[in-house]
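Encoded as structure tokens, the structure appears first; notes follow it.
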Amino acid sequence: MTQMKTINKKRIALMASRNPKSEAVYNQLFTTLKDAGFILSSKQPDVVISIGGDGMLLSAFHKYEHLLNTTRFVGVHTGHLGFYTDYRDFEVQELVENLKLDRGAKISYPVLRVVVQFKNGEKISYRALNEATLKRLSKTMVADVMINQVHFEQFRGDGLSVSTPTGSTAYNKSLGGAVLHPTIEALQLAEIASLNNRVYRTLGSSVIIPKKDRIAILPVHNDRYSLSVDNKTYIYDNIEAVGFYLDDTKIHFVATPSHTSFWERVKDAFIGDVET
Ligand code: NAP
């Protein structure tokens, strides 16, 4: 009994999207975890359980990103199988049983660090789990792309997106980028509708850069830009440069015994069972 109590002294925070299915799972989890002796608290949680979809997990990540070193995440999907979600809504009991047996094992994935440097010398920094995207609001974006402080190309088009390996299946994929296995520690730079003709020339394909490399985008025109970091968008003037590199901190997920392989998830999400 004493041993049981020690195991279940874990602090768990629950976050659910606003729909009846997620709320029902929230209530079920709240009761079952409490009965099992876990401490339900949104403050300093050891484990954050996000209920909804991958979008909800992004919100959970940003709410608790200041605790990435001490907090692990679990995703419960109330629809299909997601990329950040190991459990479906009908697997609540299995999740609670696994949490009872849990001894801190984790699966960790890279996180992107984005630093906006302004012309007055000020800086703002963000972390992204999926990607960060820079666009010029009024006209075609013209920007110099640097890799490790060496000029790579001058981009003209709608914008540029830099994604993490786990974000490679999100916006990056819609932009024609490659799907990257999340154990590969790299970033991917993808173009959004680049202008390519006799006058303007960019690589035209996405670029995958290793962990040690850094990307910087330097907008040519002093104008208004949008920077989307996962599910939030910020509008800025006077940007000197935006830097992108892999953060020192990773996101940690509670290791699940029944963890579905990444390729199965990719197949489930994008291919399905096509009759041949
Ligand atoms: P949202 O419109 O609710 O989410 C967009 C879709 O992206 C949802 O179906 C979501 O899955 C899915 N998704 C999120 N992360 C994913 C990942 N790592 N791999 C595969 N699919 C993923 O918007 P949101 O909730 O604010 O999410 C913001 C994200 O939407 C951004 O990070 C960006 O990647 C993505 N996005 C995509 C496009 C595009 O593909 N054209 C455009 C803008 C934004 P769930 O249904 O499981 O939540």
Side-chain angles (χ1 to χ4, degrees), residues 15-23 25-26 48-63 65 73-91 107-114 126-135 137 141 157-194 206 208 225-235 242 244 246-247 250-253 259-272:
M15 275 182 76
S17 55
R18 287 192 182 183
N19 67 61
K21 218 172 181 183
S22 297
E23 281 161 18
V25 174
Y26 180 101
V48 173
I49 302 179
S50 125
I51 305 154
D54 287 329
M56 191 61 211
L57 196 288
L58 292 177
S59 301
F61 165 80
H62 286 291
K63 181 167 180 190
E65 62 174 288
F73 293 80
V74 176
V76 179
H77 211 299
T78 46
H80 49 89
L81 185 69
F83 285 93
Y84 295 117
T85 48
D86 282 321
Y87 293 88
R88 306 280 298 277
D89 49 354
F90 50 82
E91 293 172 324
I107 296 174
S108 308
Y109 296 136
V111 164
L112 169 69
R113 172 65 71 172
V114 188
Y126 298 100
R127 282 195 188 102
L129 183 56
N130 267 354
E131 79 287 292
T133 303
L134 186 69
K135 291 179 181 170
L137 285 188
M141 181 170 97
D158 284 2
L160 288 161
S161 169
V162 180
S163 64
T164 63
T166 51
S168 70
T169 47
Y171 191 27
N172 169 74
K173 187 173 181 301
S174 304
L175 298 174
V179 169
L180 223 62
H181 194 282
T183 53
I184 299 171
E185 296 192 70
L187 290 179
Q188 186 164 180
L189 172 71
E191 298 182 349
I192 309 171
S194 60
S206 75
I208 294 167
Y225 292 83
S226 70
L227 178 73
S228 299
V229 179
D230 293 335
N231 48 13
K232 285 218 171 78
T233 298
Y234 308 90
I235 308 294
V242 186
F244 305 84
L246 278 186
D247 197 42
K250 289 184 170 184
I251 181 170
H252 307 296
F253 288 87
H259 188 81
T260 315
S261 91
F262 177 70
W263 300 119
E264 277 178 70
R265 288 165 200 251
V266 172
K267 182 181 174 188
D268 184 77
F270 301 114
I271 303 169

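Note that ligands are numbered from 1 as they come in the structure, with each ligand's atoms numbered from 1 the same way.
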For [atom], decide whether some protein heavy-atom distance is shorter than 4.0 Å.
atom                    : value
atom 39 (C) of ligand 1 : yes
atom 34 (O) of ligand 1 : yes
atom 2 (O) of ligand 1  : no
atom 7 (O) of ligand 1  : no
atom 31 (C) of ligand 1 : yes
atom 18 (N) of ligand 1 : yes

Which of the listed options, [options], holds the heavy atom that is closest to [atom]?
atom                    : options         : value
atom 13 (N) of ligand 1 : D54, D230, I192 : D54
atom 37 (C) of ligand 1 : Y84, Y171, F270 : Y171
atom 21 (N) of ligand 1 : T169, T164, L81 : T169

Any chance you could measure [X], atom [atom1], to [Y], atom [atom2], to the nearest 0.5 Å?
X    : Y    : atom1 : atom2 : answer
M15  : I51  : CE    : CD1   : 10.0 Å
T85  : H77  : OG1   : NE2   : 4.5 Å
T169 : N130 : OG1   : CG    : 7.0 Å
H181 : S261 : NE2   : OG    : 7.0 Å

Of all heavy-atom pairs between [X] and [Y], which one has the smallest distance, and what is that distance?
X    : Y    : value
R127 : D230 : O-OD2, 4.5 Å
V111 : K250 : CG2-C, 4.0 Å
V48  : A60  : CG1-CB, 4.1 Å
R265 : F83  : NH1-O, 3.6 Å

Candidate pair H62 and V229, rule side-chain contact (heavy atoms from CB on, under 4.5 Å), full reasoning: CA-CA 10 Å; H62 286 291; V229 179; 4.3 Å; yes
Name the closest protein heavy atom to [atom], giving the residue it belongs to and the distance to 0.1 Å.
atom                    : value
atom 26 (O) of ligand 1 : N231 CB, 2.9 Å
atom 48 (O) of ligand 1 : G55 N, 2.9 Å
atom 15 (N) of ligand 1 : N130 ND2, 2.9 Å
atom 27 (O) of ligand 1 : L58 CD1, 3.7 Å
atom 46 (O) of ligand 1 : H80 NE2, 4.0 Å

Aromatic ring proximity, centroids under 6.0 angstrom, Y84 and F61: no
Pair S17-S22, side-chain donor/acceptor within less than 3.5 Å: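 Yes, because at least one side-chain N or O of S17 sits under 3.5 Å from a partner of the opposite role on S22.
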[X], portion touching ligand 1 at heavy-atom distance under 4.0 Å:
X    : value
S174 : side chain
K173 : neither
T166 : backbone

Geometric N/O contact G167 with ligand 1, under 3.5 angstrom: no
Steps toward side-chain contact (heavy atoms from CB on, under 4.5 Å) verdict (Y171, T133): CA-CA 9 Å; Y171 191 27; T133 303; 3.7 Å; yes
side-chain contact (heavy atoms from CB on, under 4.5 Å) between E131 and N172, intermediate numbers included: CA-CA 8 Å; E131 79 287 292; N172 169 74; 5.9 Å; no
Sub-4.0 Å atoms of ligand 1 with respect to non-hydrogen atoms of G53: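 Those atoms are 47 (O), 48 (O).
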Interfacing atoms of ligand 1 (cut-off 4.0 Å, heavy-atom, E131):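 Selected atoms, number and element: 31 (C), 32 (O), 33 (C), 34 (O).
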Contact with ligand 1 for H77, non-hydrogen, under 4.0 angstrom: yes
